[in-house]
*Asks:* 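Sharing a structure with you now.
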Amino acid sequence: MRRNELPTPCYLISIPALEKNLRILKGVMDRTGCRILLAQKAFSMYALYPLLGRYLSGTAASGLFEAKLGWQEMGKENHIYSPAYREEEFDEILSYCGHIVFNSFEQIEKYRERVLDAGKSIGIRINPQCSTQEGHAIYDPCAPGSRLGVTRERFVPELLEGVEGIHFHTLCEQDAEDLKTTLDAVEDKFGEFLYRMKWVNFGGGHHITRPGYNIRLLEECICKIREKYQVTVYLEPGEAVALNAGILLTRVLDTFSQDGNIAILDTSAACHMPDVLEMPYRPPLAGSKEEGEYPYTYRLAGPTCLAGDVIGTYSFDHPLAGGEYLEFEDMAIYTMVKNNTFNGMCLPAIAVEREDGSCEVIKTFGYEDFRMRL
Ligand SMILES: *Cc1c(COP(=O)(O)O)cnc(C)c1O
C-alpha cells in the first residue's frame, strides 16, 4: 500500500525517520556510557517497541499502565515516576519496574520496605527550582507552586536510607545549555547527596534529535556528572525519540469562503492534535506556506462543533479541492497518546511507512472504540 491509499485520518510513522533519531541517541549512549529510556507518555506506539528496544536501554513510565506496556512490549529496563502511587497498584508496579522514583519523602516512608524487599532501586525526584523556560508555565515543573519534585527546603537527608537515585525533570524542548544551567543548580543544591547515589536521571525535554542541538555539550554534561559522582546517568526523552518521525494524513471534506477561505478537514485539532490548542502552536503542513505567501490562503479547521477547533492558516499554490490529501508534519509525538473521541470523532488509524515508500496499516478504529469508553 502507498501513502495515497491509506485511510484518513491516519498517523503515519516513518521507520527511516525514527531510526535516524535512534541512531543519534545510540551515539550519545555509546560515547558517554549513559542510558537512554523512552518516555512512553510522548509516544506509546508499542508495535515499534521491538525496533526502539534495539537502540534504547528501556522505557520510562508515568504509572501502572505505561509500566505494564513497557514491560510487556519492550521488556528492557523499566523505570517509573509518579507524583503519588496507589496502594492497590504498588505490588504490580514492583513486578514490572526495576527503578521506582518517588515524589516525596512521605511516599518513600510509605513504600521503602516493599521496594527494598523486592530488590528494586529507589529514586527521589528533586526540584532544583531553576526555571529555564519562559512562557509555558504548564510545562515548567519549577514554576512556583509546583508539586513535582522535592525542593532543597523539604529535602530530608536523614530519610535517604535505601535511596540510590536522584531524578529531575525540568526541561521541555530545550537545548543542552539549559541542561547545563540546570545541572549547576542541581549540584549547588543537592551535590553533597549525589556522592551517595548510584544513578542520576536527567529526565526528558532534551531536544537531542532536533537539527542544531548541541550534542557535544550534552555529552560533556553527562560525562562530568558520571565521573565526578561515579553514577550511571539516565536520560528519558519522549519527544526526541520520535521527533519529526510521523505525519498526520488527512483529507479535505469541504471548502467555502466566509470571512476568508475555510477548508474543513477530516481531522480535528481538539481530538487528534490537542497540543495545537494546548501549547498552542501551528503545526507544519507539507507543501504549504504562511498566510498570503502563496495565492490561495485557507483557515484549516476540524469537523467538530468546537468553534476553536482550528488548526491554523496556511497558503497553497492551488485551490484546495474536496478529497485532497494534506500532511501535517511532526505528528508522532504527544498525539496518539492524547487522542480523544469528543463529538464522536473517530480515532485516526495508525500506520508505518518503510524506506521504499510502502505503507502498512497497524490499526484502525471505529464506532466501538467511541462507545466502549462511555
Ligand atoms: C514528560 C516527561 C518526560 C519526557 O519529556 P519530553 O519532553 O517528551 O522529552 C520524561 N520524564 C518525565 C518525568 C516527564 O514528565
Side-chain angles (χ1 to χ4, degrees), residues 18 21-22 24-25 28-29 34-45 52 56-67 69-70 74 77-85 93 97 99-104 107 122-128 130-133 135-143 146-150 165-176 178-179 182 186 199-210 213 215 218 221-222 233-246 273-275 278-279 281 330-338:
L18 198 58
N21 289 344
L22 291 166
I24 293 172
L25 298 173
V28 173
M29 290 197 278
C34 81
R35 296 175 153 258
I36 300 186
L37 311 168
L38 164 70
Q40 295 177 90
K41 86 168 194 250
F43 184 73
S44 303
M45 189 177 159
L52 299 180
L56 302 178
S57 301
T59 39
S62 323
L64 172 64
F65 292 173
E66 285 184 359
L69 191 71
M74 197 179 300
E77 276 199 53
N78 202 16
H79 297 219
I80 187 169
Y81 158 77
S82 178
Y85 294 99
I93 285 172
C97 298
H99 295 68
I100 320 283
V101 179
F102 293 96
N103 191 55
S104 70
Q107 287 265 296
I122 299 175
I124 177 100
R125 177 166 174 173
I126 56 162
N127 175 353
C130 172
S131 284
T132 51
Q133 39 181 318
H136 287 133
I138 73 161
Y139 298 116
D140 183 3
C142 295
S146 172
R147 71 190 180 292
L148 305 172
V150 182
I166 295 266
H167 176 292
F168 66 87
H169 168 74
T170 67
L171 307 179
C172 178
E173 301 188 338
Q174 282 165 277
D175 211 310
D178 290 328
L179 171 63
T182 302
V186 167
W199 51 271
V200 176
N201 187 323
F202 291 3
H206 316 280
H207 233 187
I208 305 170
T209 50
R210 183 189 62 204
Y213 179 92
I215 290 182
L218 168 70
C221 288
I222 295 169
V233 171
Y234 286 97
L235 307 183
E236 46 180 27
E239 280 219 29
V241 174
L243 188 67
N244 291 314
M273 40 185 133
D275 276 2
E278 192 179 292
M279 280 265 298
Y281 79 105
D330 195 18
M331 282 291 162
I333 43 176
Y334 292 107
T335 49
M336 16 185 149
V337 290
K338 289 184 128 187

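Every number for a ligand or one of its atoms is a count from 1 in the order of the listing. Since we're looking at a predicted model, the values are computed, not measured. Each residue takes its place number in the sequence, starting with 1.
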*Asks:* According to side chain to side chain contact (heavy atoms under 4.5 Å, CB included), who are the partners of Ala245, at least two apart in sequence or on a separate chain?
*Replies:*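 Partners of Ala245 by the side chain to side chain contact (heavy atoms under 4.5 Å, CB included) criterion, ordered by chain and then number, come out as Ala17, Leu18, Asn21, Ala242.
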*Asks:* How about OH on Tyr281, more than 12 heavy atoms from neighbouring residues, nucleotides or ligands closer than 6.0 Å, or not?
*Replies:* yes
*Asks:* Please list, in number order, the atoms of ligand 1 under 4.0 Å from a heavy atom of Gly238.
*Replies:*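 This gives 4 (C), 6 (P), 8 (O), 9 (O) as the contact atoms.
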*Asks:* Return the closest protein heavy atom for atom 2 (C) of ligand 1 as residue, atom name and distance.
*Replies:*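 Scanning the protein heavy atoms, the shortest distance from atom 2 (C) of ligand 1 goes to Lys41 NZ, 2.3 Å.
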*Asks:* Judging by distance only, is a nitrogen or oxygen of Pro237 under 3.5 angstrom from one on ligand 1?
*Replies:*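 Checking ligand 1 against Pro237, no N or O pair falls under 3.5 Å apart.
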*Asks:* Atoms of ligand 1 less than 4.0 Å from Ala39 heavy atoms?
*Replies:*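 In order of numbering, the contacting atoms are 3 (C), 4 (C), 10 (C).
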*Asks:* Would you list the atom pairs, donor with acceptor, under 3.5 Å between side chains in residues 201-210 and any protein atom, with sequence neighbours excluded?
*Replies:*
residue : atom : partner : partner atom : Å
Asn201  : OD1  : Gly203  : N            : 2.7
Asn201  : ND2  : Glu236  : OE1          : 3.3
His206  : NE2  : Phe202  : O            : 3.1
His206  : NE2  : Gly203  : O            : 3.1
His207  : ND1  : Arg210  : NH1          : 3.1
His207  : NE2  : Glu239  : OE1          : 3.1
Thr209  : OG1  : Ala240  : O            : 2.7
Arg210  : NH2  : Asp175  : OD2          : 3.1

*Asks:* Just say parallel, tilted or perpendicular for the rings of His99 and His79, cut-offs at 30° and 60°.
*Replies:*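 It falls in the parallel class, under 30°.
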*Asks:* Considering distance alone, does some N or O of Arg125 sit under 3.5 Å from an N or O of ligand 1?
*Replies:* no
*Asks:* Examine Tyr234 together with His167 and report whether their ring centres are nearer than 6.0 Å.
*Replies:* no
*Asks:* State whether the shortest distance between N or O atoms of His167 and N or O atoms of ligand 1 falls below 3.5 angstrom.
*Replies:*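 No, there is no polar N/O contact under 3.5 Å.
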*Asks:* Find out whether Met279 and Glu173 are in side-chain contact, i.e. whether some heavy atom of one side chain is under 4.5 Å from a heavy atom of the other.
*Replies:* yes
*Asks:* Checking contacts here: is it the side chain or the backbone of Glu173 that comes within 4.0 Å of ligand 1, counting heavy atoms only? Could be both or neither.
*Replies:* neither
*Asks:* Would the Tyr81 and Phe102 ring centres measure less than 6.0 Å apart?
*Replies:*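 No - the distance between ring centres of Tyr81 and Phe102 does not fall below the 6.0 Å cut-off.
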*Asks:* For atom 8 (O) of ligand 1, which protein heavy atom lies nearest, and how many Å away is it?
*Replies:*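 Heavy-atom neighbour on the protein nearest atom 8 (O) of ligand 1: Tyr334 OH, 2.6 Å.
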*Asks:* Taking the non-hydrogen atoms of Gly205, is any one of them nearer than 4.0 angstrom to ligand 1?
*Replies:*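 It does, in that a heavy atom of Gly205 comes within the 4.0 Å cut-off of ligand 1.
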*Asks:* Between Glu236 and ligand 1, which residue portion shows a heavy-atom distance shorter than 4.0 Å: side chain, backbone, both, or neither?
*Replies:* both
